[in-house]
Engineer: 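Quick one: this structure, given as structure tokens, is what I'll be asking you about.
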Amino acid sequence: GNSVTQMEGPVTLSEEAFLTINCTYTATGYPSLFWYVQYPGEGLQLLLKATKADDKGSNKGFEATYRKETTSFHLEKGSVQVSDSAVYFCALSTGTSYGKLTFGQGTILTVHP
Amino acid sequence: EAGVAQSPRYKIIEKRQSVAFWCNPISGHATLYWYQQILGQGPKLLIQFQNNGVVDDSQLPKDRFSAERLKGVDSTLKIQPAKLEDSAVYLCASSLETSGGPGEQFFGPGTRLTVL
């Protein structure tokens, strides 16, 4: 079956620090990969995605590269801001799952001024 | 464009009581999903509709959970009777149908259920 594993959290950083949140996956078939973000009091939002190997998804200064050889999709940002404080979820879907998303457990990020 | 609407936002009930959640997807979105998000975990799909037909309900506890999507628009999710372990946030999402299958999912704000 499909599964997603995220790094243990929570993660606490100072403003302008470099961020990495690790994500690895197992999947039957060829998955599409996603990062979702949940800001305090808000619903889940798609942050970025990649649909094939070596694709790089990017948005709002965040990036993640689809690495098929290591089955990974790590999220990075060069300089975090206080406004990036949120919960980040890695997720995948496969053609056989017809759009169904399988999520990781989430990583809480807190950025201090 | 209006987003996915859910109500109520919060609900507190006693165990063995019944509860229902409502979802109104984005206009024109054929696919509707219900996810359960237990505290500290990622969302887990309960049921997926394509218009008013069920595509996947393999993880829906059918002895107590039911869902319907009459007329292929609004949807309700019901729990009867509730157990303590049903305490969670229930998320509704919807997506457009594309030539490649369901497109990007847009999530509602969720309903936080507490079972005492």
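Predicted model, so just to flag it, every value in this text is computed and none were measured. Naming: A, B, ... by sequence-line order, numbering from 1 per chain.
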Engineer: Would you say that more than 12 heavy atoms from the other residues, nucleotides or ligands in this model lie under 6.0 Å from the CD of A/Glu16, or not?
Structural biologist: no
Engineer: Where on B/Leu91 is there a heavy atom nearer than 4.5 Å to chain A: the side chain, the backbone, both, or neither?
Structural biologist: side chain
Engineer: Are the side chains of A/Tyr36 and B/Pro43 in contact, using a 4.5 Å heavy-atom criterion?
Structural biologist: no
Engineer: Answer yes or no: does atom NZ of A/Lys49 have more than 12 heavy-atom neighbours from other residues, nucleotides or ligands under 6.0 Å?
Structural biologist: no
Engineer: Report yes or no: do B/Phe65 and B/Leu113 belong to one cluster of Ile/Leu/Val/Met/Phe/Trp/Tyr joined by side chain heavy-atom distances under 4.5 Å?
Structural biologist: yes
Engineer: Between NZ of A/Lys100 and OH of B/Tyr33, what distance do you get to the nearest 0.5 Å?
Structural biologist: 11.5 Å
Engineer: Could you check whether atom OH of B/Tyr10 has more than 12 heavy atoms from other residues, nucleotides or ligands sitting under 6.0 Å from it?
Structural biologist: no
Engineer: Sort B/Gln37 into side chain, backbone, both or neither according to what part of it lies under 4.5 angstrom from a heavy atom of chain A.
Structural biologist: side chain
Engineer: Compare all side-chain heavy atoms of A/Phe34 with those of B/Gln105 and state whether any distance is below 4.5 angstrom.
Structural biologist: no
Engineer: May I ask you to check whether over 12 heavy atoms, not counting those of A/Glu15, lie within 6.0 Å of atom CD?
Structural biologist: yes
Engineer: Under 4.5 Å heavy-atom distance to chain B, tell me which part of A/Gln38 shows up: side chain, backbone, both or neither.
Structural biologist: side chain
Engineer: Can you check whether B/Tyr35 reaches A/Leu101 side chain to side chain, under 4.5 Å on heavy atoms?
Structural biologist: yes
Engineer: Membership question, hydrophobic clusters at under 4.5 Å side-chain separation (ILVMFWY): are B/Trp34 and A/Phe103 in the same one?
Structural biologist: no
